[in-house]
2 protein chains.
Amino acid sequence: MSPEVGDRRVRRSRRLLRDALVSLVLERGYADIKVEDITERADLGRATFYSHYTDKDDLLGQVVTDLQEELDRRLRPLLAADAQGFTGKPVLEMFRHADEERDAYRVVLRGEGDGRALRQLVEARTQAAAAVFSARAEHFGVTPRIDVEVLARAWVGEQISVLQWWLEADPRPLSPEAVTEMLLDLSLRGRYWANGFEGRPPVVGAEGGPERR
Amino acid sequence: MSPEVGDRRVRRSRRLLRDALVSLVLERGYADIKVEDITERADLGRATFYSHYTDKDDLLGQVVTDLQEELDRRLRPLLAADAQGFTGKPVLEMFRHADEERDAYRVVLRGEGDGRALRQLVEARTQAAAAVFSARAEHFGVTPRIDVEVLARAWVGEQISVLQWWLEADPRPLSPEAVTEMLLDLSLRGRYWANGFEGRPPVVGAEGGPERR
DNA sequence: CCAATGCTGGACAGCGTGTCTAGAAACAGT
DNA sequence: ACTGTTTCTAGACACGCTGTCCAGCATTGG
């Protein structure tokens with residue numbers, strides 16, 4: 001299998017510390033955790049913590065960085081293909097990844113660590129989405145009716161917001177495939193359609209609404 | 001004007017402490033601020049801080065609570081009306097409020113304080129949105145094609161995400177009216193339309209995309 | 001004007017942090 | 001199985017920030 005590089009003790013200690021941090025954050029919140037709480041749960045000496053990480057922030061940072069890198073690695077090939085159509089595969093992949101790394105994702109999406117990690121995630125996804133939108137416009141020779149920046153922000157906002165809910169819901173309300181399809185349908189066709197109305201949405205700002213049945 | 005209840009010194013101290021907190025958080029982040037930093041910027045004694053608030057979290061909490069209450073107060077009448085159509089007025093009002101209270105909103109939307117405040121805001125807006133969607137479905141006799149919970153999460157996610165971007169952008173890229181209209185158009189008609197395509201979106205999951213020009 | 005209330009600086013104990021030690025334990029390679 | 005190397009450990013340390021208290025001064029509203 002994988003080369004499993006490095007001292008086994010080091011791998012063990014790091015893994016225990018990470019798991020301890022994640023579980024404690026989910027229970028009590030990042031701010032209320034002392035380094036000693038982490039080492040206690042990991043069943044390691046406090047000094048060991050400081051031989052691996054400079055402080056609590058460092059540990060959280062590493063957890064988040066690893067997650068991000070893995071996600072990027074998985075997404076990269078899918079994003080290129082998505083620019084030629086509307087496959088929805090990148091969203092699905094993110095939901096799958098989140099499903100596998102549920103707890104770590106929950107820590108990030110709750111905004112623990114004063115939201116740094118979450119902002120970073122949103123920023124990276126927004127960048128990627130904007131790039132896809134631009135490439136798509138180029139590919140199909142169309143001009144976006146709305147600023148691509150706004151488009152990307154909104155699209156990522158939808159995903160993240162639904163992902164948040166999906167990760168915290170117990171039991172898991174939908175399969176990754178099912179949420180992704182909902183999200184994509186809703187996003188592409190719009191809320192007017194999703195709410196159950198027929199035809200074209202009313203002009204924004206106009207008084208009144210659709211015909212009443 | 002308003003009754004201006006209470007000792008003038010108290011009002012002054014509280015106002016100074018709140019302003020100091022907000023500006024410091026925007027500069028350095030919530031976690032890196034000591035109580036003494038706050039009192040120093042407010043030009044007050046450290047003991048004064050503790051005669052008004054129990055700790056840093058308490059102060060942040062009050063700032064956030066006040067903001068929430070004001071927003072709720074402003075939104076309440078608009079939400080009822082919105083259930084009868086698609087006025088977009090609640091969104092506009094939130095953007096206006098955020099525009100007035102820019103700094104405080106930025107603190108919340110950045111997820112400072114381990115995201116508690118932001119989660120609270122999102123939760124409240126989601127609740128409200130879900131209620132509006134349900135009332136609307138009732139009013140017009142339609143059945144939502146997608147789970148109302150998901151609908152509400154996604155819609156609020158869009159708003160918050162765009163609001164985040166809009167508050168941090170410098171100079172302000174759009175008027176509150178302009179962003180709101182974009183957001184509403186996009187959300188109602190969907191990304192397929194917003195991206196510049198004509199006609200109906202492709203079936204989700206299908207290979208390929210729209211016709212190429 | 002004055003009684004009540006708020007503000008002040010300084011002193012205090014308590015707690016968590018991050019560093020450092022010397023010795024015990026576990027490791028990888030032979 | 002042996003051995004030189006690395007990691008883990010408990011405990012001690014100084015430091016900085018917290019939250020509380022006080023006695024005296026300043027500002028307030030009536």
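Chain letters run A, B, ... following the sequence lines, proteins first and then strands; every chain starts at 1. What's counted below: heavy atoms across the whole structure, side chains too, no hydrogens, waters or symmetry copies.
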**Study point:** ring-ring contact (aromatic ring centres under 6.0 Å, His included) partners of residues 166-186 of chain A, not counting sequence neighbours, each pair once
**Key:**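 Passing the test, one end in residues 166-186 of chain A: A:Phe95-A:Trp166.
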Check your understanding: Tell me, which pairs form a ring-ring contact (aromatic ring centres under 6.0 Å, His included) where one or both residues lie in residues 6-33 of chain A, sequence neighbours left out?
Key ->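 Checked against ring-ring contact (aromatic ring centres under 6.0 Å, His included) - neighbours excluded - no pair reaches residues 6-33 of chain A.
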All N/O pairs under 3.5 Å across the protein-nucleotides 13-16 of chain C interface:
unit_1 : atom_1 : unit_2  : atom_2 : d
C:dG16 : OP1    : A:Lys34 : NZ     : 3.2

Review point. Under the salt bridge (charged side-chain N to carboxylate O under 4.0 Å, His left out) test, which residues partner A:Arg96, sequence neighbours left out?
Key: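 With sequence neighbours excluded, A:Arg96 shows a salt bridge (charged side-chain N to carboxylate O under 4.0 Å, His left out) to A:Glu177, given in chain and number order.
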Check your understanding: With A:Arg9, which residues qualify under salt bridge (charged side-chain N to carboxylate O under 4.0 Å, His left out), at least two apart?
Key -> A:Asp7
Exercise for review: Please identify each residue that fulfils side-chain hydrogen bond (donor to acceptor under 3.5 Å, both in side chains) with A:Arg172, with sequence neighbours left out.
Suggested key: A:Asp99
Exercise for review: Check side-chain hydrogen bond (donor to acceptor under 3.5 Å, both in side chains) between B:Glu70 and all other residues, then give those that pass, not counting sequence neighbours.
Suggested key: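 With sequence neighbours excluded, B:Glu70 shows a side-chain hydrogen bond (donor to acceptor under 3.5 Å, both in side chains) to B:Arg73, B:Arg74, given in chain and number order.
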Point to revise | Nucleic acid contacts - residues 45-54 of chain A versus DNA chain C, non-hydrogen atoms under 4.0 Å | key: A:Arg46, A:Ala47, A:Tyr50
Exercise for review: Taking only heavy atoms on the protein side, list every residue of residues 9-21 of chain A lying under 4.0 Å from any atom of DNA chain C, sorted numerically.
Suggested key: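 Nucleic-acid contacts, sorted: A:Arg9.
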Pairs of donor and acceptor atoms involving the side chains of residues 124-133 of chain B, under 3.5 Å and at least two apart or interchain, shall be tabulated with distances.
unit_1   : atom_1 : unit_2   : atom_2 : d
B:Arg125 : NH2    : B:Asp72  : OD1    : 2.6
B:Thr126 : OG1    : B:Val122 : O      : 2.7

Point to revise | chain B contact limits on DNA chain D, taken 5' to 3' with a cut-off of 4.0 angstrom to heavy atoms | key: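 The footprint of chain B covers D:dC17 to D:dG29.
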Check your understanding: Is it true that the side chains of B:Tyr53 and B:Arg18 contain a donor and an acceptor less than 3.5 Å apart?
Key ->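 The answer is yes; a qualifying pair exists.
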Check your understanding: Does the side chain of B:Arg46 come under 3.5 Å of the side chain of B:Thr39 through a donor N or O and an acceptor N or O?
Key -> no
Point to revise | Plane angle bin for A:Tyr192 and B:Phe86 - parallel if under 30°, tilted between 30 and 60°, otherwise perpendicular | key: tilted
Review point. If you look at every heavy atom in B:Val22 and B:Val63, which pair is closest and at what distance?
Key: CG2-CG1, 4.4 Å
Check your understanding: Considering heavy-atom distances to DNA chain D, does A:Asp43 or B:Asp55 have its closest nucleotide positioned more toward the 5' end?
Key -> A:Asp43
Check your understanding: Mind checking what makes side chain to side chain contact (heavy atoms under 4.5 Å, CB included) contact with A:Arg116, not counting sequence neighbours?
Key -> A:Asp57, A:Arg119
Check your understanding: For DNA chain C, whose closest nucleotide is more 5', that of A:Lys56 or that of A:Arg8?
Key ->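 This one resolves to A:Lys56.
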Review point. Would you find a donor on one side and an acceptor on the other, under 3.5 Å apart, between the side chain of B:Gln164 and the backbone of B:Leu109?
Key: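 Yes; at least one donor-acceptor contact below 3.5 Å.
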